[in-house]
Trainee: 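This structure is in structure tokens; I'll ask about it shortly.
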Amino acid sequence: MKAIIPLGLFALLTATQAMASAPSIQRDTVERLRGGLNGTDVSTMQRQLQNAMTADCQSTGGKVLGFSTETLERGDGTYEVMAELTCSMS
């Protein structure tokens, strides 16, 4: 046997379900820290940047969400390392 639900009641149930499943939205404050170094030892420069930027983020109560670097080789045999760190302030 099929259940018969009046159209008005079905619409009311659907609207109630939609209202009950409204998303929870939260705003986080995020900062992007950027820095760079020039030199010959890429891994040391990356580590120095990450340590300094992490300390800066944490000194304000932040939490590191991500860290990335980009390295460019210069014509004189040195490298330029540019870094970006994402810091959550919430």
Side-chain angles (χ1 to χ4, degrees):
M1 227 171 122
K2 289 187 178 181
I4 299 175
I5 300 175
L7 185 56
L9 181 58
F10 178 74
L12 178 63
L13 290 173
T14 305
T16 303
Q17 290 171 348
M19 289 176 15
S21 63
S24 173
I25 299 172
Q26 176 181 340
R27 290 184 186 262
D28 291 330
T29 303
V30 176
E31 292 184 351
R32 294 195 189 274
L33 307 175
R34 292 183 179 89
L37 287 174
N38 296 322
T40 57
D41 188 347
V42 173
S43 62
T44 298
M45 290 187 293
Q46 288 173 335
R47 188 170 42 258
Q48 287 174 340
L49 284 166
Q50 184 172 13
N51 290 344
M53 295 167 83
T54 297
D56 186 82
C57 172
Q58 292 174 343
S59 73
T60 59
K63 178 181 175 186
V64 175
L65 299 178
F67 178 77
S68 64
T69 62
E70 183 178 335
T71 304
L72 299 174
E73 186 173 3
R74 304 174 122 197
D76 61 357
T78 63
Y79 297 90
E80 181 178 3
V81 177
M82 294 156 295
E84 181 175 287
L85 182 136
T86 306
C87 180
S88 173
M89 303 307 294
S90 56

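When a residue number appears, it is its place in the shown sequence, counting from 1.
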Trainee: CZ/R34 to OG/S68 distance, rounded to the nearest 0.5 angstrom?
Mentor: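 Taking CZ in R34 and OG in S68, the distance rounds to 9.0 Å.
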Trainee: Testing the basics here: between T40 and Y79, what is the closest heavy-atom pair and its distance to 0.1 Å?
Mentor: O-CD1, 3.8 Å
Trainee: Got L72 and M82 here, is their nearest side-chain heavy-atom distance under 4.5 Å?
Mentor: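 L72 vs M82: side chains touch.
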Trainee: With a 4.5 Å cut-off on side-chain heavy atoms, are V64 and M53 touching?
Mentor: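 The answer is no; the side chains never approach within 4.5 Å.
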Trainee: If you compare all heavy atoms of G36 against all heavy atoms of L49, which two are closest, and at what distance to 0.1 Å?
Mentor: N-CD2, 3.8 Å
Trainee: Can you measure from CG (D41) to CD (Q48) and round to the nearest 0.5 angstrom?
Mentor: 8.5 Å
Trainee: Rounded to the nearest 0.5 Å, what's the gap from NZ on K63 to CE on M89? Could you check?
Mentor: 13.5 Å
Trainee: Is it true that a side-chain atom of T78 and a backbone atom of R74 form a donor plus acceptor pair closer than 3.5 Å?
Mentor: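 No; judged by distance alone, with no hydrogens or angles, the pair does not exist.
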Trainee: Of all the heavy-atom pairs spanning V81 and M45, show the shortest one and how long it is.
Mentor: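 Heavy atoms only, the tightest pair is CG2-CE, 3.6 Å.
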Trainee: To the nearest 0.5 angstrom, please state how far the CG atom of L33 sits from the OG1 atom of T60.
Mentor: 8.0 Å
Trainee: Out of curiosity, F67 CZ to Q46 CD, how far, rounded to the nearest 0.5 Å?
Mentor: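 With rounding to 0.5 Å, CZ (F67) is 7.0 Å from CD (Q46).
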Trainee: CZ of R47 to OG1 of T69: how many Å apart, nearest 0.5 Å?
Mentor: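 Those atoms lie 12.0 Å apart.
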